[in-house]
Amino acid sequence: MPFGNTHNNFKLNFSVDDEYPDLTKHNNHMAKLLTKEIYAKLRDKQTPTGYTLDDVIQTGVDNPGHPFIMTVGCVAGDEESYEVFKDLLDPVISDRHGGYKATDKHKTDLNFENLKGGDDLDPNYVLSSRVRTGRSIKGYALPPHNTRGERRAVERLSVEALNSLDGEFKGKYYPLKSMTDAEQEQLINDHFLFDKPVSPLLLAAGMARDWPDGRGIWHNENKTFLVWVNEEDHLRVIAMQKGGNMKEVFKRFCVGLQRIEEIFKKHNHGFMWNEHLGFILTCPSNLGTGLRGGVHVKLPKLSTHAKFEEILTRLRLQKRGTGGVDTASVGGVFDISNADRIGSSEVDQVQCVVDGVKLMVEMEKKLEKGESIDSMIPAQK
Amino acid sequence: MPFGNSHNQLKMKNTCEQEYPDLSKHNNHMAKVITPVLYEKLRSKQTPSGFTLDDVIQTGIDNPGHPFIMTVGCVAGDEETYEVFKDLLDPIIQDRHGGYKPTDKHKTDLNPSNLKGGDDLDSNYVLSSRVRTGRSIRGFCLPPHCSRGERRAVEKLSVEALGVLSGDLKGKYYALKNMTDAKQQQLIDDHFLFDKPVSPLLLASGMARDWPDARGIWHNDTKTFLVWVNEEDHLRVISMQKGGNMKEVFTRFCTGLTKIEDLFKNKGHSFMWNEHLGYVLTCPSNLGTGLRAGVHVKLPNLSKYRQFEEILKRLRLQKRGTGGVDTAAVGGIFDISNADRLGFSEVELVQMVVDGVRLMIEMEKRLEKSQSIDDLMPAQK
């Protein structure tokens with residue numbers, strides 16, 4: 001791969017015009033914002049690990065996007081990417097995260113007691129509840145850029161940390177490369193297994209290199225808390241269970257996360273975080289909380305209502321199919337989750353989900369009875 | 001992408017053991033040859049343009065291979081790769097090219113009058129004839145490593161050179177990025193169009209970056225001579241026509257290639273070539289002549305004969321389906337071509353195809369009449 005220091009210097013022998021990518025058919029955040037001037041300004045820069053501008057944008061150059069889905073089109077290779085390439089990434093962040101300014105501060109709140117309610121979403125409608133986030137371990141390059149040695153070190157540290165958890169968090173690590181067929185089948189049935197990325201968005205950024213080396217899944221015995229190691233981020237942390245008790249899920253999420261963070265800090269490897277961007281992750285879309293809190297909920301009537309999209313927008317929620325991002329909903333069951341990641345805290349975002357889903361279930365019940373929901377349409381949050 | 005100079009220096013902080021890839025499930029030439037000792041020796045090195053050992057081998061790590069097909073598992077990023085990493089590449093070349101030694105010299109012979117016969121392969125059996133090779137333009141990095149500026153420069157030079165051709169070689173260039181649907185359909189129907197690589201072997205080495213920027217197809221008006229620009233190599237040159245007149249195809253091939261080489265030289269750019277490796281191309285499997293000469297030939301009886309594979313081997317030929325490498329034969333029609341690339345000249349390789357196919361057609365005719373072919377069995381060439 002060509003984008004390190006030496007070849008980057010070679011590239012400077014060519015003019016900006018010669019090297020500037022052709023983005024005429026592109027529709028992603030990077031393509032909207034990367035002007036020739038910004039390219040000229042940033043093209044001779046690199047982070048301390050040697051990550052360059054072309055590394056940041058390659059995925060957006062190779063994946064023009066879709067007329068309806070606005071992809072980000074750039075990734076970070078290390079913590080410093082967000083600083084060295086701020087002239088590109090700050091506008092991308094602002095565009096993606098509702099106008100979040102370069103001077104804004106982000107609030108972190110992982111105190112589950114601050115969540116009001118959330119323990120009583122109607123299980124006749126809410127089939128399951130889940131909260132996920134990502135964490136990056138300070139001092140290591142991120143998945144688009146890390147070496148095998150770094151990736152393995154992240155795995156080793158993570159497994160040590162996770163194996164020291166006890167109580168409801170006691171669990172086991174399953175490395176992808178030595179997983180038995182039986183274990184694999186089980187993990188698929190539990191909806192836990194992640195597979196080698198096939199999305200060209202991830203492949204073009206180099207995240208699948210050396211697969212499955214250094215990758216694995218850890219989960220507790222109860223199968224309610226799970227960690228993905230070295231997929232799109234160093235760690236993805238997930239709490240989930242059937243039914244509508246989001247409060248319990250969020251509590252487990254916060255407690256587990258904080259325990260893990262303490263153990264990492266003891267080893268002098270905290271998580272990447274700063275007061276402007278919150279938790280630093282590979283994709284700029286996951287900055288801030290990196291949190292997606294969601295439910296699988298039956299909304300066959302509401303989802304066909306003329307104002308469904310508008311309601312979601314006002315509640316600051318988004319819908320996905322039950323297979324995750326880019327899948328279609330099946331049988332009127334939707335994955336409803338928070339749309340925001342940065343500029344509001346974890347508690348704020350889960351509160352949006354809890355309050356919003358409660359309201360939408362009430363709307364669904366009204367529509368079942370043939371009643372109007374006009375009086376219930378919320379104001380923009 | 002992580003493999004440039006700076007990050008390679010950072011990688012050196014990890015031990016060889018920490019960085020050495022896990023190749024326990026791998027079956028390709030690279031995995032067979034590389035050892036921790038070799039990795040240790042080469043991992044601090046880089047070519048003048050910054051191509052490193054991990055750049056060379058990444059595709060072989062990401063694509064463990066297949067129990068039946070032996071892939072190469074490594075690529076060159078520039079001309080110097082074959083020198084800087086010779087401790088790895090020489091044994092691979094030896095393994096892949098029938099024992100070709102680091103001290104061996106390769107013969108180039110593009111004089112079509114040295115080919116004996118080849119103008120009379122029975123067109124009841126031979127449906128089409130084709131010769132292809134690749135060429136790399138000295139001074140530019142190869143497709144796994146080149147920048148957009150370099151790739152565009154290669155395109156510009158190529159289009160200028162090809163634009164000068166006249167007579168039966170006079171033709172036109174069709175850039176992939178502004179091809180009309182009609183033209184695209186035409187090129188598909190002519191079996192000329194190359195598409196964005198989907199093979200993970202190519203994708204993992206970075207050859208599809210910036211697609212379709214600076215990629216295109218040039219062909220002459222009579223559609224018998226065609227050049228691919230910036231696909232797997234800088235140039236792929238192809239001569240083809242229906243029927244069995246391989247001599248005519250090879251003559252046009254040699255004439256066209258020689259003219260193109262002169263045109264490049266006039267512009268101060270020669271092709272990458274040396275007396276040990278012949279023509280230098282991206283994949284070590286294509287060194288030497290880079291030549292694959294073949295026919296589509298009907299051999300329904302012979303192909304089911306128990307000694308078919310043995311006959312091919314002795315004739316130094318290989319079979320493929322009519323869709324090209326890794327496709328299956330349809331209707332008893334096979335793509336039969338030379339197995340060798342390096343250590344034999346172009347004339348010698350095409351001679352093997354001509355002589356071998358003539359013999360196999362004789363065998364097919366015998367088998368049609370249920371006659372024995374034992375007396376026709378060839379010795380090992």
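Below, chains carry the letters A, B, ... as their sequence lines are ordered, and counting in each starts from 1.
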Review point. Do B/N14 and A/R152 come within less than 4.5 Å of each other through their side chains, counting heavy atoms only?
Key: no
**Study point:** Residue B/A153 versus chain A: region with a heavy atom under 4.5 Å
**Key:** side chain
Revision key, fill the gap. Honestly, the part of A/A208 sitting under 4.5 Å from a heavy atom of chain B is backbone
Check your understanding: Under a 4.5 Å cut-off applied to non-hydrogen side-chain atoms, are A/R209 and B/D62 in contact?
Key -> yes
Revision key, fill the gap. Bottom line for B/K13: the part with an atom under 4.5 Å from chain A's heavy atoms is neither
Point to revise | Interatomic distance, A/N146 atom CG to B/K11 atom NZ [nearest 0.5 angstrom] | key: 10.5 Å
Review point. What residue, out of A/R151, A/K177, A/K25, has the most heavy-atom pairs lying under 4.5 Å from chain B?
Key: A/K177
Check your understanding: Could you state the interatomic distance from CG (A/N13) to CD (B/E150), rounded to the nearest 0.5 Å?
Key -> 9.0 Å
Exercise for review: Supply the atom-to-atom distance A/T24 OG1 to B/K177 NZ, rounded to the nearest 0.5 angstrom.
Suggested key: 6.5 Å
Review point. Checking B/E17 against chain A: side chain, backbone, both or neither under 4.5 Å from a heavy atom?
Key: backbone
Check your understanding: For B/D210 and A/Q58, what are the C-alpha separation, side-chain angles and deciding distance, and is it a side chain to side chain contact (heavy atoms under 4.5 Å, CB included)?
Key -> CA-CA 8 Å; B/D210 313 310; A/Q58 191 64 47; 3.0 Å; yes
Exercise for review: Answer whether the closest heavy-atom distance between the side chains of A/R148 and B/D54 falls below 4.5 Å.
Suggested key: yes
